[in-house]
Amino acid sequence: MATKKTVAENTKQHSPHKGENVRPLISSADIQQKIRKMGKEIRADFPGEPLLLVGVLKGAVLFLADLARQIPGEVTFDFIAVSSYGKDTKSSGQVKLNKDLDSSIEGKVVVVVEDILDTGLTLQYLLRVLQQRKPKSLKVAVLLDKKDRRIANVSADYVGFVIPDEFVVGYGLDYAERYRNLPGVGILSLPGASH
Ligand code: IMP
Ligand code: MG
């Protein structure tokens with residue numbers, strides 16, 4: 001684990017928006033270390049096979065970029081966009097496909113790359129859509145897993161960190177499109193919130 005100071009430094013250099021506060025949770029160094037491990041694990045599960053990483057826009061962009069560089073061998077990317085949260089911090093439970101993949105996944109080894117697994121409704125929808133397209137294999141890699149919040153019966157094959165039920169930002173995760181550029185992950189508190 002990195003020291004508290006390192007974690008704090010990661011978030012301090014980015015000043016929060018009016019009255020909002022970001023409390024460091026996972027340092028950039030810890031994220032990178034975990035991703036190195038995950039990349040090796042994914043490759044070990046599919047030795048010698050071309051892998052297609054499907055990133056869920058926009059939150060998973062940073063995670064996909066780092067994960068891809070830790071998987072040796074043939075790797076390609078594609079992206080899909082769904083909407084769920086909007087500007088709120090509560091899930092609407094409704095999922096809409098905003099941007100589809102550029103090419104077919106039929107017969108391919110596909111790894112869906114998501115920033116965070118919360119209620120699981122987004123992933124449940126995505127897996128249903130992608131499974132219908134007959135990939136050879138369909139796996140899921142998530143950086144963060146809020147296990148306690150699960151509503152849908154889905155799980156990830158590769159999980160970076162299990163985190164408590166708090167709204168987090170950074171490393172791709174946003175609040176109203178902000179904070180995606182924080183190198184680490186932190187807990188967001190809003191003005192007037194009780195904690
Ligand atoms: P789910 O459908 O409830 O599992 O939510 C998945 C999506 O909601 C994620 O891909 C994120 O975009 C968003 N989300 C869930 N929890 C958080 C959070 O703590 N911070 C930022 N976005 C979140
Ligand atoms: Mg997302």
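In listed order, ligands and their atoms are each counted from 1.
Atoms of ligand 1 found under 4.0 Å from any heavy atom of Glu114 (numbered from 1 in listed order, with element): 10 (O). Near Thr122, meaning under 4.0 Å from one of its heavy atoms, ligand 1 places the atoms 1 (P), 2 (O), 5 (O), 6 (C). Ligand 1 places these atoms under 4.0 Å from at least one heavy atom of Lys146: 16 (N), 17 (C), 18 (C), 19 (O). Ligand 1 places these atoms under 4.0 Å from at least one heavy atom of Thr119: 1 (P), 2 (O), 3 (O), 4 (O). For ligand 1 and Glu166, the ligand atoms under 4.0 Å from any heavy atom of the residue are 19 (O).
Among Val168, Ile187, Ile116, the residue whose heavy atom sits closest to atom 20 (N) of ligand 1 is Val168. With atom 5 (O) of ligand 1 as the reference point, the heavy atom nearest to it among Ile163, Asp118, Val82 is part of Asp118.
A salt bridge is absent between Glu106 and Lys136; no separation between the charged side-chain nitrogens and carboxylate oxygens falls under 4.0 Å. A salt bridge links Arg178 with Glu20: at least one charged nitrogen is closer than 4.0 Å to a carboxylate oxygen.
With sequence neighbours left out, the side chain to side chain contact (heavy atoms under 4.5 Å, CB included) criterion links Asn98 to Ala81, Ser83, Lys96. Residues that satisfy the side chain to side chain contact (heavy atoms under 4.5 Å, CB included) test with Glu41, not counting sequence neighbours, are Tyr158.
In this structure a side-chain-to-backbone donor-acceptor pair under 3.5 Å is present from Asp157 to Val140.
Between Arg43 and Val75, some side-chain heavy-atom pair lies under the 4.5 Å cut-off.
Between Leu101 and the options Leu52, Val110, Val129, Ile80, a side-chain contact (heavy atoms from CB on, under 4.5 Å) holds for only Ile80.
At most 12 non-hydrogen atoms from other residues, nucleotides or ligands lie less than 6.0 angstrom from NZ of Lys37.
At a 4.0 Å cut-off, at least one heavy atom of Asp115 sits close enough to ligand 1 to count as contact. Using a 4.0 Å cutoff on heavy atoms, Arg150 does not count as a contact of ligand 1. Heavy-atom distances between Gln124 and ligand 1 stay at or above 4.0 Å for every pair.
A side-chain donor-acceptor contact under 3.5 Å links Tyr171 and Asp66.
Contacts of Asp174 with ligand 1, taken as heavy-atom pairs under 4.0 Å, involve the backbone alone. Here Arg149 has no heavy atoms under 4.0 Å from ligand 1, in either its backbone or its side chain.
The shortest N or O to N or O distance between Gly120 and ligand 1 is under 3.5 Å. Close N/O approach between Leu173 and ligand 1 is not found [any backbone or side-chain N/O within under 3.5 Å].
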